[in-house]
Amino acid sequence: MASGGAVREVRSPAELEAAVAGARAAAVHFWASWCEASKQMDEVFAHLAVDFPHTVFLRVEAEEQPEISEAHGVSAVPYFVFYKEGKTVDTLEGANPASLANKVAKVAGPASVAESAVPASLGVAAGPAVLENIQKMAQQNGSSAAESTNSGSTEDALNKRLEQLVNSHPVFLFMKGTPEQPRCGFSRKVVDILKQEGVKFGSFDILTDNDVREGMKKFSNWPTFPQLYCKGELLGGCDIVIAMHDSGELKDVFEEHNIPLKPQGSKNEEAGEPGSATEKGGAVAEPIGLTDAQKARLESLINSSPVMVFIKGTPDEPKCGFSGKLLHILKQENIPFSSFDILSDDEVRQGLKVLSNWPSYPQLYIKSELVGGSDIVMEMHKSGELKKVLSEKGVIPKESLEDRLKSLISSAPVMLFMKGTPDAPRCGFSSKVVNALKKEGVSFGSFDILSDEEVRQGLKTYSNWPTFPQLYYKSELIGGCDIILEMEKSGELKSTLSE
């Protein structure tokens, strides 16, 4: 089968499968009519179809055919997929005419045409206007690549910058384009959803900075854009955001993390049309009752393990940042647990919200009792309460006071036992030590001894030091307020705490 120099429009997954299966070589262009780069590359694609008459050239409108786009991992346009003998052998994202020509020539093979489609030959087949646009795009691609190569930023500096971006707003979106002018349909969909939810959000156009674009893929362990973050944690990409919005769960997550939402008051919401926020949100706020069979199944799942966590994804591949955070804590504490992927079963996903009266995920259960979500578990982990609850419930061996003190002391390289917190010290001596550490730029963990009398009294005996604050470095006692202030005065403090 050959295209005979024409590009064929594909309108269904079955049509694409049949066209590719019957071709020795095929190239598919995923495009969008609103995207200027798509239009320009489509002209190049059409000229290549003439140069390679024995290769099948196919065109898919990405947003009109979401099933095909999702199956091929298309997150931006223009996007190209190359087939040989019915199997995917290569892909190309972005407006890079020279790469497109080279990849087509490679998949087509020498039998198709006598090396007629090297990048230089595009100037012969394409008109001067197309060629000029191609050259502009090529220059832009080269320019951004050079900037990326020559940027002297180290990986640590980049990660610090990415962390600052992620945490710069309670809700933050990495997207293609801007909220006013999205440059891909998937980014546009997420922007529309956030506007429908009435949430304020910050954004970053990843097309303007290749360092950020490539760095975020590693930072989040998420290969595509857009990427939506809430309180510094990845929620997911377009598909996950759409699913959470449709189920009402996105609003629940925002409310759980105290993200202000504007009243929507849209026509759809007032009318209560199918798919509106009123209908979806109402399903959670005023739930229908569970059947006895549903309740029994949910209770059976909850009781299936002493520590049971309901998450998005699996322990090896969590599908949202909050689930990933909770799993990390359980693994760090060496707590044996079982899990259930709520994305795999919508009946469990919706039913458990009703049974637990907890609107979002993840949910952690210990001995059949709900502990809470990621924020609560993280606070319990920091304070040592998680291990305490687990030992009281008989899930892990009871921890001795000495073991608990050792664990607290070693929980940070520099650890301060004080009265109050670094933001709100409850005694002058603690305040002075906090100020000294901050002045020297020393990062430190802390524990409020006023919150736990057992730790307060036990540490006096353990350290053989009768007063507070007490500062430890790598589990060794440095001293109290007077010693710390003397070390700061002599210039020893920072050097001692960075050995």
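Side chains are part of it too, since the values below use all heavy atoms of this structure and drop only hydrogens, waters and symmetry mates.
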Quick one: do Leu261 and Lys251 satisfy side-chain contact (heavy atoms from CB on, under 4.5 Å)? Show the steps, please.
CA-CA 8 Å; Leu261 301 174; Lys251 186 180 290 294; 3.7 Å; yes
Glu93 and Arg213: CA distance, side-chain angles, deciding distance, salt bridge (Lys or Arg N to Asp or Glu O under 4.0 Å) verdict:
CA-CA 13 Å; Glu93 181 182 324; Arg213 180 177 186 170; 2.6 Å; yes
Between Glu233 and Lys325, does a salt bridge (Lys or Arg N to Asp or Glu O under 4.0 Å) hold up when you go through it step by step?
CA-CA 8 Å; Glu233 294 295 329; Lys325 185 200 287 185; 3.6 Å; yes
Start with the C-alpha gap between Phe340 and Ile311, add the side-chain angles, then the distance that decides, and say whether side-chain contact (heavy atoms from CB on, under 4.5 Å) holds.
CA-CA 6 Å; Phe340 185 91; Ile311 61 175; over 6 Å; no
Assess the residue pair Arg59 and Arg8 against the criterion (side-chain contact (heavy atoms from CB on, under 4.5 Å)); give the C-alpha distance rounded to whole Å, side-chain angles, the decisive distance to 0.1 Å, and a yes or no.
CA-CA 6 Å; Arg59 183 192 294 116; Arg8 207 172 91 207; over 6 Å; no
Check step by step if salt bridge (Lys or Arg N to Asp or Glu O under 4.0 Å) holds for Lys217 and Glu214.
CA-CA 5 Å; Lys217 292 178 184 178; Glu214 295 306 316; 3.5 Å; yes
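The closest side-chain heavy-atom distance from Phe45 to Phe57 is below 4.5 Å. Taking 4.5 Å as the limit, every side-chain heavy atom of Leu58 sits out of range of all side-chain heavy atoms of Val7. Put simply, the side chain of Leu194 reaches to within 4.5 Å of the side chain of Leu228, judged on heavy atoms. Contact check for Met380 versus Val371: side-chain heavy atoms found under the 4.5 Å cut-off. Two residues are said to be in side-chain contact when any heavy atoms from C-beta on lie closer than 4.5 Å; Asn96 and Leu100 fail this criterion.
A centroid separation of less than 6.0 Å is found between the aromatic rings of His72 and Phe30.
Atom CD of Glu43 sits about 6.0 Å away from atom NE2 of His47, to the nearest 0.5 Å. Considering OG of Ser339 and CG of Leu327, their distance stands at 7.0 Å, rounded to 0.5 Å. Atom CG of Asp205 is separated from atom OG of Ser187 by 8.5 Å, given to the nearest 0.5 angstrom. Distance check: Leu234 CG to Ile240 CD1 gives 7.5 Å after rounding to the nearest 0.5 Å. Annotation: the span from Met41 atom CE to Leu92 atom CG amounts to 6.0 Å, rounded to 0.5 Å. Taken to the nearest 0.5 Å, the CE atom of Met308 stands 13.0 Å off from the CG atom of Leu370.
Open room surrounds CD on Gln181; 12 or fewer heavy atoms of other groups in view lie less than 6.0 Å from it. Within 6.0 Å of NZ on Lys319 lie no more than 12 heavy atoms contributed by other residues, nucleotides or ligands. Shown here is Lys331, whose NZ atom has more than 12 heavy atoms of other residues, nucleotides or ligands within 6.0 Å. Heavy atoms from other residues, nucleotides or ligands lying under 6.0 Å from CD of Glu317 number 12 at most. Lys39 NZ: more than 12 foreign heavy atoms inside a 6.0 Å radius. Under a cut-off of 6.0 angstrom, the local environment of CD in Glu67 is sparse, with at most 12 non-hydrogen atoms contributed by other residues, nucleotides or ligands.
Judged purely by distance below 3.5 Å, without hydrogens or angles, the side chains of Ser356 and Gln363 pair a donor atom with an acceptor atom.
Using a distance-only test at 3.5 Å, with no hydrogens or angles considered, a donor-acceptor pair links the side chain of Gln294 to the main chain of Thr291. Side-chain atoms of Asn102 come within 3.5 Å of backbone atoms of Ala98 as a donor-acceptor pair (strictly under, hydrogens ignored). No donor-acceptor distance shorter than 3.5 angstrom exists from the side chain of Lys218 to the backbone of Asn159, with no hydrogens or angles considered. Checking side-chain atoms of Asp346 against main-chain N and O of Arg349 turns up no donor-acceptor pair under 3.5 Å. The closest donor-acceptor contact from the side chain of Lys231 to the backbone of His257 lies under 3.5 Å. Checking side-chain atoms of Lys84 against main-chain N and O of Val107 turns up a donor-acceptor pair under 3.5 Å. For the pair Ser323 (side chain) and Lys312 (backbone), a donor-acceptor distance under 3.5 Å is present. Although no hydrogens or angles enter the test, the distance criterion places a donor-acceptor pair under 3.5 Å between the side chain of Ser69 and the main chain of Gln65.
The minimum heavy-atom distance between Gln350 and Ser247, with the atom names listed, is NE2-CB, 3.6 Å. Cys230 and Val253 get closest at one heavy-atom pair: SG-CG1, 4.3 Å. Nearest heavy atoms, Ala25 versus Ala108: CB-CA, 4.2 Å. Nearest approach of Gly237 to Trp222, heavy atoms of both residues: N-CZ2, 3.4 Å.
For the ring pair (Phe, Tyr, Trp, His ring centres under 6.0 Å) test with Phe310, the passing option among Tyr361, Trp358, Tyr365, Phe322 is Tyr365; the others fail.
Under the salt bridge (charged side-chain N to carboxylate O under 4.0 Å, His left out) criterion, Asp239 pairs with no residue at all, not counting sequence neighbours. Applying the side chain to side chain donor-acceptor pair (under 3.5 Å) rule to Glu369 yields the partners Lys393; only residues at least two apart in sequence or on another chain are considered.
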Enumerate donor-acceptor pairs with a distance under 3.5 Å from any side-chain N or O in residues 12-22 to protein atoms, sequence neighbours excluded.
unit_1: Ser12; atom_1: OG; unit_2: Glu15; atom_2: N; d: 3.1
unit_1: Glu15; atom_1: OE1; unit_2: Arg11; atom_2: N; d: 3.1

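Under the 30°/60° scheme for interplanar angles, the aromatic rings of Trp31 and His29 are found to be tilted.
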